[in-house]
There are 2 protein chains.
Amino acid sequence: MSAGFPGPGEASKADLVHRQLKEEIELGELAPGTPLSELWLVERTGASRTPVREALRRLAAEGLVDLVPRQGARVSRVSLQSVRDLFDFRSLLEPAAIRQATEAATTDAELRRAFTAMRSEFARTVRRAPSQARSRSFYELADRFDWAIIGATRNEHLRRTIAELRPHTARLRNLSHVDPQRVEVSVAEHLRMCDALLAGDADAAATAMAEHLTQSLATIFRNLAHGPAEGLDLLG
Amino acid sequence: MSAGFPGPGEASKADLVHRQLKEEIELGELAPGTPLSELWLVERTGASRTPVREALRRLAAEGLVDLVPRQGARVSRVSLQSVRDLFDFRSLLEPAAIRQATEAATTDAELRRAFTAMRSEFARTVRRAPSQARSRSFYELADRFDWAIIGATRNEHLRRTIAELRPHTARLRNLSHVDPQRVEVSVAEHLRMCDALLAGDADAAATAMAEHLTQSLATIFRNLAHGPAEGLDLLG
DNA sequence: TGTATACAGGTTGTATACAGTAGCCGCAGC
DNA sequence: GCTGCGGCTACTGTATACAACCTGTATACA
């Protein structure tokens with residue numbers, strides 16, 4: 001294996017390692033606290049230390065990895081406080097984002113159509129028989145919805161910051177147990193957001209988003225109180 | 001110069017290069033658009049390519065450097081749109097931060113004393129004879145004030161995000177001409193923020209911060225209309 | 001004259017060798 | 001038995017060598 005050739009528009013090895021690790025952390029396959037030695041990652045990914053290092057540094061900047069200067073890297077831990085902080089912060093950013101998306105949708109017909117389509121899908125979701133498949137398809141749809149909001153956010157800083165928070169949210173979902181009851185309520189919340197957005201009512205959209213986030217956090221905390229979370233530190 | 005020895009608690013070479021470049025970009029010594037070849041930085045800093053690379057990647061993540069995959073790095077450019085985006089984003093974050101700081105100051109006597117002291121300093125500043133020295137000391141004080149707010153912000157994400165925006169703001173100030181008239185008004189705005197904060201009135205503090213940011217942006221735009229900015233792209 | 005191609009220089013992406021340190025284990029001493 | 005110390009191993013931080021790529025220029029050709 002010779003050196004240096006990430007094709008024309010292709011991704012560099014650092015990109016690949018970064019993406020792979022990010023996904024594994026997000027899915028919970030790499031549990032919080034798992035040590036990430038550079039040499040181990042070299043064996044695991046086939047890349048050399050240089051790209052592995054770069055990937056680790058990037059993940060550390062995103063908060064997915066804790067990097068202790070002369071000691072090594074570990075998958076970042078999740079504390080109760082960090083969950084609170086995450087949702088408080090999202091509650092600040094995402095209502096503002098959906099405001100911008102609402103305004104964008106009033107002028108951009110393409111965008112408007114995309115949200116209309118998603119609204120129909122949400123409505124269909126709620127009618128399906130309750131099952132794991134329903135949960136999964138709902139979360140995929142909700143993900144598309146969130147990314148649509150992000151994409152419609154005009155402010156560069158806001159867009160990038162929200163995008164950077166998403167892996168944390170996703171990881172949290174994958175680390176905790178899915179609450180089937182929650183899905184039903186969450187569908188309703190998404191319908192409210194869609195309706196407000198399509199009606200061009202930015203205030204209502206922002207309120208719906210804030211409410212959605214509040215409910216999501218409440219559900220997480222409730223579930224943590226019941227079933228103990230695997231992979232979550234309850235220290236904070 | 002042998003390899004590998006960043007003492008016990010000392011900073012690594014990557015840290016040093018990162019800090020140095022960050023400061024130079026912030027001060028405008030490295031103008032927007034300046035190409036940053038790794039080899040050139042190697043000569044300039046005395047470090048080898050590895051730490052230089054890491055520093056560049058970090059700066060890119062902070063938005064201070066634009067990194068084109070196989071082409072190189074340049075000091076990031078500043079467009080009118082980016083200035084607007086920056087201040088819009090700050091207007092979302094910093095009022096929330098000063099809210100948290102206000103609440104923190106009601107319970108933390110130490111913090112309270114620090115803000116009281118700064119309030120006095122602001123009051124003294126306005127009485128000094130108008131001069132460059134006055135401007136400089138004011139901006140230093142304002143910087144300390146901002147950092148105090150950041151330090152008092154409880155939410156980790158909010159704190160880190162605001163801190164990451166500061167170099168952008170500072171650079172903007174250093175790239176544009178200082179408006180002596182602005183200083184006087186800005187002192188008043190800071191006094192209002194201090195008073196609200198010390199009175200424990202989070203709403204008033206947030207409002208004062210929002211107003212301060214609005215006025216700052218307006219001043220920048222006014223000055224751009226008058227004197228043409230050096231180092232600023234007016235493309236956006 | 002205009003276009004396409006080949007070449008050269010410089011730059012990044014990657015791999016790997018080396019230097020120094022932190023943590024760990026076993027052992028001696030109290 | 002417990003504590004302090006010495007050596008060892010594994011790891012990170014750094015330097016450097018090599019390979020591929022991109023840009024711009026000069027040249028050949030229509």
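Values below: all heavy atoms of this structure, side chains included; hydrogens, waters and symmetry mates excluded. Letters go in sequence order (proteins before strands), and every chain restarts at 1.
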Does the side chain of A:Asp85 pick up a donor-acceptor pair with the side chain of A:Ser82 at under 3.5 Å?
no
For A:Leu67 and D:dC11, give me the distance from atom CG to atom P, rounded to whole Å.
15 Å
From D:dT16, C:dT14, D:dG13, nucleotide with atom closest to B:Ser48 side chain:
D:dT16
Classify the ring geometry of B:Phe89 against A:His157: parallel below 30°, tilted from 30° to 60°, perpendicular beyond 60°.
parallel
Of all the choices, D:dT12, D:dT14, D:dC21, which nucleotide is nearest to the side chain of B:Arg70 once you look at every atom?
D:dC21
Test applied, salt bridge (charged side-chain N to carboxylate O under 4.0 Å, His left out); reference residue, B:Glu62; option that passes from B:Arg166, B:Lys22, B:Arg171
B:Lys22
In whole Å, I'd like the distance from the CD atom of B:Glu38 to the P atom of D:dC18.
18 Å
Answer with yes or no whether the side chains of A:Arg90 and A:Ser216 bring together a donor and an acceptor at under 3.5 Å.
no
Could you state the atom-to-atom distance from CG of A:Asp15 to P of C:dG13 in whole Å?
9 Å
Has the side chain of B:Arg74 got a donor or acceptor atom that lies under 3.5 Å from a matching backbone atom of B:Gly33?
yes
Is the shortest heavy-atom distance from the side chain of B:Arg144 to the side chain of B:Glu121 under 4.5 Å?
yes
Side chain of B:Arg49 only, please: which of D:dT14, C:dT11, D:dC18 is the nearest?
D:dC18
On DNA chain C, does the nearest nucleotide to A:Ala47 precede the nearest nucleotide to B:Leu39 from the 5' side, or the other way round? Give the residue.
B:Leu39
Separation of C:dA15 P from A:Glu43 CD (nearest whole Å):
15 Å
Given atom CG of A:Leu36 and atom P of D:dA10, what is their separation to the nearest angstrom?
19 Å
Do A:Asp108 side-chain atoms and A:Ala104 backbone N/O form a donor-acceptor pair below 3.5 Å?
no
Can you list every stem that DNA chain D is part of, counting only runs of 3 or more consecutive Watson-Crick or G-U wobble pairs with both distances under 3.5 Å?
C:1-30 with D:1-30
As an exercise, state the distance from OG1 of B:Thr102 to CD1 of B:Ile149, rounded to the nearest 0.5 Å.
6.5 Å
Could you check which residues of residues 50-62 of chain A get a heavy atom under 4.0 Å from DNA chain C? Sort them by number, please.
A:Thr50, A:Pro51
To the nearest Å, how far apart are B:Lys13 NZ and D:dG13 C1'?
10 Å
Take atom CZ of B:Arg74 and atom P of C:dT12, then tell me their distance rounded to the nearest Å.
11 Å
OP1 or OP2 of C:dT11 versus the side-chain N and O atoms of B:Gln71: is any pair under 4.0 Å?
no
Under 3.5 Å, side chain of A:Ser76 to main-chain N/O of A:Gly63, donor-acceptor pair present?
yes
